[in-house]
Structures are given as structure tokens and as C-alpha cells.
Amino acid sequence: MPELPEVETIRHGIEPHLLGRTITDVAVREPRLRWPVPAGLSEALTGQPVEAVARRAKYLLLITPAGTVILHLGMSGSLRVVAADTPPQAHDHVDLCLNDGRALRLRDPRRFGSLHWTREDPGQHQLLRELGPEPLDDALTGDDLYRRSRGRRASVKAFLMDSRIVVGIGNIYASEALFEAGIHPGRAAGRIGPQRYRRLVTAIQTVLGRAIEAGGTTLRDFTRADGRPGFFRQALRVYGRAGQPCACGGAIRQRVIAQRATYFCPRCQR
DNA sequence: AATCGCGCCTGACGGC
DNA sequence: TGCCGTCAGGCGCGAT
């Protein structure tokens with residue numbers, strides 16, 4: 001499931017294939033994604049050069065002079081750059097055809113992903129407007145998290161996964177960052193001090209940075225634009241390791257916190 | 001205002 | 001072997 005490191009890996013992978021290329025056609029074989037793929041995309045995009053391939057939170061932004069394609073990969077979405085005449089397989093829902101005979105192909109078996117089109121500033125789009133800071137920017141500080149967590153009784157894990165607080169952290173990296181910071185995922189967000197929030201921000205940045213360097217985490221179906229898996233799975237310290245020993249000698253536990261499977265070491269995390 | 005629970009969807013997996 | 005029920009999981013939305 002693509003979280004921030006996986007989306008950043010995809011962005012980096014597709015960027016050289018798109019930058020400066022012109023869109024020659026858009027083929028929508030299955031418009032029923034999380035929201036319907038807008039009609040008239042081909043008319044809007046044909047002839048447009050791709051000026052930039054950007055990312056905001058877990059959204060990919062394909063920026064053209066006429067507007068921006070906003071893409072979310074949901075749980076199972078992937079992007080490949082293929083020869084445009086490659087026969088589409090099951091769940092290959094959308095092709096953006098390029099003027100070099102290739103196409104950017106969106107596959108999404110579970111169809112939790114989405115594709116939006118806006119002619120306005122994408123930052124003002126409904127889906128992006130209310131998002132919190134990027135975790136890898138200096139904009140995110142421990143003092144901010146501390147301030148915004150006051151009075152919150154929900155778990156720090158739920159707090160971290162709230163995209164209005166900070167974006168890009170999903171189920172895997174929430175467990176990993178909290179382990180790295182030595183904070184128990186079930187602790188109420190409002191009962192953690194400023195020092196520990198500063199440590200948490202450092203942990204988030206360390207974990208996400210390392211995951212990006214490794215090309216993301218492949219659990220089952222994540223692949224990069226060229227089809228290779230990511231290699232961060234073997235570097236995961238707690239996620240998916242219930243019952244295995246932590247470095248401290250204790251056993252890693254699994255529990256449902258914030259409605260999701262959560263992994264932690266009860267000895268290292270308080 | 002914060003929090004919770006739902007629903008979208010398919011493939012994998014386990015039990016019988 | 002094959003069928004079927006269950007679950008995972010991002011995230012917006014409505015209910016509380």
C-alpha cells in the first residue's frame with residue numbers, strides 16, 4: 001500500500017519518462033475508481049506537455065499548462081511506463097499516452113485510488129486544501145505536534161495518521177516511527193511531552209528518509225514504475241513482526257490500535 | 001471540535 | 001480440490 005515513501009519512489013521513477021513529453025491521448029477503460037474519472041480528459045489533456053511531476057502527501061501531481069492531474073493510488077494502485085501498444089491487463093484502468101510511443105498506465109485492482117483533473121491551483125483543490133505539513137519539510141516541528149495534540153485523548157498513532165496533522169504516514173510507517181521514537185502507539189496523543197514529540201519528528205524523518213532510499217516497502221503488490229519491488233521491508237523493525245524478538249530481547253506484539261493492526265515492543269515503547 | 005464507524009473493492013488465505 | 005467467509009487497508013464522510 002503506497003504511503004509517502006512509495007509514492008515518492010513512484011514519482012521519482014516516472015518523472016524522467018514524463019518531463020517534457022506531450023500527452024497525445026487519454027484512454028479510460030474503467031472510470032469507476034473511488035470517484036468517477038472525469039469525462040473529457042482526453043480533450044483537456046491532448047497536446048499538453050508535462051511540465052512537472054510533483055507530490056503532495058500521497059497524491060501525485062502531473063502538471064501541465066492547462067491544468068493538473070491529481071492521482072491517488074489508494075491501496076493497490078500502481079503506475080507503469082509501457083509501450084502504448086502493450087495490451088492492457090485486468091485492472092489497467094487508465095492510459096496517458098505520450099508522444100514517444102509510450103504510455104503511463106494506471107492499474108488499481110481494488111479501485112480505492114482516484115484521478116482528478118483541475119485547471120486551478122491544485123493546492124486549492126478540495127482534497128489538498130486541508131492537508132497538514134509534509135513530514136520531510138522543516139515545516140513540521142515537534143513543538144507543532146505538541147501544541148496540536150493538547151487535549152487529544154485518541155492514540156498518538158491515530159494522531160500521526162490524521163492527514164490534517166501531518167501527511168503521508170500510513171499504517172506501516174506509523175508503527176515504525178513510534179518504535180524508533182520509543183513511544184507506545186496506544187498512548188493518548190495529549191499525554192506526550194514536547195521533548196518526546198521532537199524525538200518523534202526526528203524518528204519520522206529518519207524512517208521515511210531511509211524508506212525512500214530503499215525504494216519503499218513491498219509487502220505484496222507495490223512495485224516501482226519499472227516493475228522492481230522496494231527493499232525497505234527487510235529494514236522494518238516491528239511492522240509484520242508479531243512474536244519475533246525485538247533488539248532488546250523482548251517480543252514484538254500486535255494489537256489493533258486506531259482500527260488497524262499495530263506493531264510495537266512493549267519494553268522499548270512507553 | 002474530536003472521534004468513531006462505515007463503505008468502497010479485490011485478492012489472499014484459512015477452514016471445512 | 002474447491003467453495004466460501006473473512007480480512008486487509010486509505011481515507012472521506014456522516015453520525016455522535
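Below, chains carry the letters A, B, ... as their sequence lines are ordered, and counting in each starts from 1.
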- Message: Just N and O in the side chain of A:Tyr59: are any of them under 4.0 Å from OP1 or OP2 of C:dG10?
- Response: no

- Message: Side-chain N or O of A:Tyr239 versus OP1/OP2 of C:dG9: is the shortest distance under 4.0 Å?
- Response: yes

- Query: Which residue, A:Gln254 or A:Ser163, contacts DNA chain C at a nucleotide closer to its 5' end, judged by nearest heavy atom?
  - Reply: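 Final value for this comparison: A:Gln254.
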
List, with names and distances, any nitrogen or oxygen atoms from the protein found under 3.5 Å away from nitrogen or oxygen atoms belonging to nucleotides 6-10 of chain B.
residue: B:dG7; atom: N2; partner: A:Arg34; partner atom: NH2; Å: 3.2
residue: B:dC9; atom: O4'; partner: A:Arg110; partner atom: O; Å: 3.3
residue: B:dC9; atom: O3'; partner: A:Arg111; partner atom: NH2; Å: 3.3
residue: B:dT10; atom: OP1; partner: A:Arg111; partner atom: NH2; Å: 2.9

With a cut-off of 3.5 Å and sequence neighbours excluded, list every side-chain donor-acceptor pair involving residues 246-264 of chain A.
residue: A:Thr262; atom: OG1; partner: A:Lys157; partner atom: NZ; Å: 2.8
residue: A:Thr262; atom: OG1; partner: A:Arg255; partner atom: O; Å: 3.3
residue: A:Thr262; atom: OG1; partner: A:Ile257; partner atom: N; Å: 3.2
residue: A:Thr262; atom: OG1; partner: A:Ile257; partner atom: O; Å: 3.2
residue: A:Thr262; atom: OG1; partner: A:Arg260; partner atom: O; Å: 2.8

- Under 4.0 angstrom, heavy atoms only, what part of the nucleic acid is A:Leu73 near: base, sugar-phosphate, or nothing?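 Result for A:Leu73 = nothing.
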
Check: protein-nucleotides 3-7 of chain C nitrogen or oxygen pairs below 3.5 Å:
none

Check: residues 95-106 of chain A side-chain donor-acceptor pairs under 3.5 Å, at least two apart:
residue: A:Asp95; atom: OD1; partner: A:Arg29; partner atom: NH2; Å: 3.0
residue: A:Asp95; atom: OD1; partner: A:Arg105; partner atom: NE; Å: 2.8
residue: A:Asp95; atom: OD2; partner: A:Arg29; partner atom: NH1; Å: 3.3
residue: A:Asp95; atom: OD2; partner: A:Arg29; partner atom: NH2; Å: 3.4
residue: A:Asp95; atom: OD2; partner: A:Arg105; partner atom: NE; Å: 3.4
residue: A:Asp95; atom: OD2; partner: A:Arg105; partner atom: NH2; Å: 2.9
residue: A:Asn99; atom: OD1; partner: A:Thr22; partner atom: N; Å: 3.1
residue: A:Asp100; atom: OD1; partner: A:Arg102; partner atom: N; Å: 3.1
residue: A:Asp100; atom: OD2; partner: A:Arg21; partner atom: NH1; Å: 3.2
residue: A:Arg102; atom: NH2; partner: A:His17; partner atom: ND1; Å: 3.4
residue: A:Arg105; atom: NH1; partner: A:Thr86; partner atom: O; Å: 2.9
residue: A:Arg105; atom: NH2; partner: A:Thr86; partner atom: O; Å: 2.9

- Could you list the residues that satisfy side chain to side chain contact (heavy atoms under 4.5 Å, CB included) with A:Val69, not counting sequence neighbours? A:Leu45, A:Leu62, A:Leu115, A:Trp117

- For A:Pro133, side chain to side chain contact (heavy atoms under 4.5 Å, CB included) partners two or more places apart: A:Ala139, A:Leu140

Check the distance between [N]'s [atom2] and [X]'s [atom1] and give it to me in whole angstrom.
{"X": "A:Leu160", "N": "C:dG10", "atom1": "CG", "atom2": "P", "answer": "13 Å"}
{"X": "A:Lys58", "N": "C:dG9", "atom1": "NZ", "atom2": "P", "answer": "12 Å"}
{"X": "A:Met75", "N": "B:dG11", "atom1": "CE", "atom2": "P", "answer": "13 Å"}
{"X": "A:Arg147", "N": "B:dA1", "atom1": "CZ", "atom2": "P", "answer": "18 Å"}

- Residues joined to A:Val82 in its hydrophobic cluster, side chain to side chain under 4.5 Å directly or through other members, sorted by chain and number, are none

- Item | side-chain hydrogen bond (donor to acceptor under 3.5 Å, both in side chains) partners of A:Glu30, counting only residues at least two apart | A:Arg32

- Query: Under the side-chain hydrogen bond (donor to acceptor under 3.5 Å, both in side chains) test, which residues partner A:Thr141, sequence neighbours left out?
  - Reply: A:Asp144

Grab the N/O contacts between the protein and nucleotides 2-4 of chain B below 3.5 Å, and write none if there aren't any.
residue: B:dT3; atom: OP1; partner: A:Arg153; partner atom: N; Å: 2.7
residue: B:dT3; atom: OP1; partner: A:Ala154; partner atom: N; Å: 2.9
residue: B:dT3; atom: OP2; partner: A:Arg152; partner atom: NH1; Å: 3.0

- Query: Which salt bridge (Lys or Arg N to Asp or Glu O under 4.0 Å) pairs, counting each pair once, include a residue from residues 171-186 of chain A, with sequence neighbours left out?
  - Reply: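 Every pair satisfying salt bridge (Lys or Arg N to Asp or Glu O under 4.0 Å) with a residue in residues 171-186 of chain A: A:Glu180-A:Arg210, A:Glu180-A:Arg237.
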
- List for me each residue that meets ring-ring contact (aromatic ring centres under 6.0 Å, His included) alongside A:His125, sequence neighbours excluded, and say none if there are none. A:His116

